[in-house]
Amino acid sequence: MTENNEKSIFRTQAVPLPQIMWMPEKDRIHDSLLYRFMVELSEKKDTLFHDYNQLHQWSIKHSEEFWELVWDFCRVQGKKRPPITFCPPHSKLPAKETQWFPHSALNFAENLLKNWNRHAAADAIVFHCEGVPERKQHLSWQQLYRQTSQVATFLAENGVNQGDVVAAYIPNIPQAIVAMLATTSLGAIWTSTSPDFGIDSVVERFGQTSPKVLICADGYFYNGNHHHSLSKVKAILARLPTVEQLLIIPFTDTDTIQTITDKHQYTVTSWPALLEKYPAQTISFNPVPFNHPLYILYSSGTTGKPKCIVHSTGGTLLNHLKEHQLHCNIKSGDRLFYFTTCGWMMWNWMVSGLASGATLVLYDGSPFYPNGKVLWDMAEEEEINLFGTASKYLEALEKQGYQPSSTHNLTSLNTVCSTGSVLAPEQFDYVYQSIKPNLQLASISGGTDICGCFAIGNPLNPVYRGECQGRALGMDVQVFDDNGHHLYQHQGELVCCNSFPNQPIGFWNDTDGSHYHNAYWNRFDGVWHHGDFVELSETGGMIFYGRSDAVLNPGGIRIGTAEIYRQVNPLKEIADSVVISQKWEDDLRIVLFIQLTEGYELTDKLKATICQQIREHCSPRHVPAVILEVTDIPRTKSGKLVELAVRNVVHQQPVRNVGALANPQALEQYKNRPELQVVTK
């Protein structure tokens, strides 16, 4: 940004601070890894670091020193060589083009398995499966290491080398983690998606990345149903000519490999046969450059072909260690759970917990089958310390009246993390009233783009109602207006003004880098533009208002969609909602679609209640011009609203990649609604 643009716009009227929901006790602060990090830094710099905001400012002003200290503090296994960063001479985009640890080398799997011998008999992974208690599995650190070595040998003997791609179409089961570790131990690249994706959606993803090996399970369980996968796998393989080896995990049936007998370009191996054939041995971890590809993740693909986002080995590891240990206080022996699938970046985030010595608790299936207690039964049984989920899950729990605090012993639970969409203030109330009053609620936000967080919790600061606790260490996160001016206590665009190690390497097959540049670096000069509509609060926290491309703009006033959801969704009559702007009479108008709770009707009285609630708590400009009933709200498979898809349907524009949606059939209800048709005179 130019010097003339370096100005801030402040809100002129006084705004009361939000309610404090949780204040960390002194003993808990002093026992945190972040506090220990600050003490070591204070001793090293001979300067007292006394609060999080001061530490954050130091971490962005001295980012090279900060990230090197994270490497040392978290005991990264690898060869760290100077320099910490390298920026090409005469670079016009240093935030984008800076390379981190350019001469350093490490192995991702080695870092996740570095403590296996010290905790050999302890649980590394505990797995629970929906509705099938007998399928519960315990995998010790020793078993995890041994199986990783066996699968790594299998992959190597089948021609997988450094830089090759291994793809998995797989439930959230222990074998997925074993296969990922085996892949990355060789320096190969891992990519995965969940088995509820349709054939076209899988091919649109894996077809771009040309995997050499495909790993799948024979099926999965969800919401009381057994879903078979192998017929879809056969159809997928027919469109993936690069696959040479298919590895099948018999998860739902014990003898399913015989169902794939057609002779194609690939050979077929079963997981049990692999473990029987290849003996366990010492793993020869292949060190790769810090910026070598580790993961390929995919954008949702609801507005176009999914982007194949390539993440680096060192950047992903170092950032996850920072987020786990410094922000989430994950320690060796802690039990970490995140409700996720292998098609969401939170799976990649969760599995890195092994590098901190945590035990991973996995769950595959519906979080409401047979009822809403299932995950809390597991949390109590496994004595989970960090419970991660999507904000929509917490809202659904509240709507259904579940109160885990009154039915479960959650003594071990220290932290609840929420992400996926904006966490409404009412869900803060719910967590502290109905789950546990003395825990840290960390509303976190970042995404697939960085496989990490821009806004995240920390164990030193209080939790304020409706806010993310603060900006992530080492990241100069700011809020800009449309002209690139800094905003404070005003809504605007989330940007990051400095370089950070977990920036993507780029997009797969984006030979000139133009697609990557246009996605993040083209909006503001030399600054990462993330696409979230946010506000920096007086507390130092962040408030999220939704995706900026879904922002409503009636009369030229920008309105974040989350502002409306915060008023509508808590109403007992409303099960869910989605709001869009519709082109109307040379302007835009707000259209609100609501899914009613069973037993309620969309009456004129309810419409008036909704409008009054929005008018009183937001403004008259927020009030929808039209309120319509639907029976389903479209979401992605990770639970995110797809306002843009709804907007496209209303405007009779095509919606691409509907296979990325969990419920694509829902879009039919938004087509050609007579209430939304322009009447020509």
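Bear in mind that the values here come from a model prediction, so they are computed numbers and not experimental data. Computed from heavy atoms alone, side chains included, the values below leave out hydrogens, waters and symmetry copies.
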- Does Arg205 make a cation-pi contact with Tyr169, if we ask for NZ or CZ under 6.0 Å from the ring centre and within 45° of the axis? no

Do [Y] and [X] meet the salt-bridge criterion of a basic N to acidic O distance under 4.0 Å?
| X | Y | value |
| --- | --- | --- |
| Arg335 | Glu383 | no |
| Arg239 | Asp200 | yes |
| Lys307 | Asp449 | no |

- Query: Which one of Tyr338, Phe127, Phe337 satisfies the side-chain contact (heavy atoms from CB on, under 4.5 Å) criterion with Tyr363?
  - Reply: Phe337

- Task: Look at the aromatic rings of Phe154 and Tyr278 and report parallel, tilted or perpendicular, splitting at 30° and 60°.
- Result: perpendicular

- Counting distance only, does the side-chain N/O of Ser192 pair as donor-acceptor with the main-chain N or O of Ala168 below 3.5 Å? no

- Checking side-chain contact (heavy atoms from CB on, under 4.5 Å) for the pair Val166/Ile189: CA distance, chi angles, key distance, verdict? CA-CA 6 Å; Val166 173; Ile189 305 166; over 6 Å; no

- Message: Test of understanding: with side chain to side chain donor-acceptor pair (under 3.5 Å), list the residues that count as partners of Glu381, not counting sequence neighbours.
- Response: Lys136

- Query: Does Cys216 reach the side chain of Ile170, with side-chain heavy atoms less than 4.5 Å apart?
  - Reply: no

- Task: Could you pull out all residues at least two apart from Asp510 that satisfy salt bridge (Lys or Arg N to Asp or Glu O under 4.0 Å)?
- Result: none

- Message: Going by ring-ring contact (aromatic ring centres under 6.0 Å, His included), name the residues that satisfy it together with Phe197, two or more places apart in sequence or in a different chain.
- Response: none

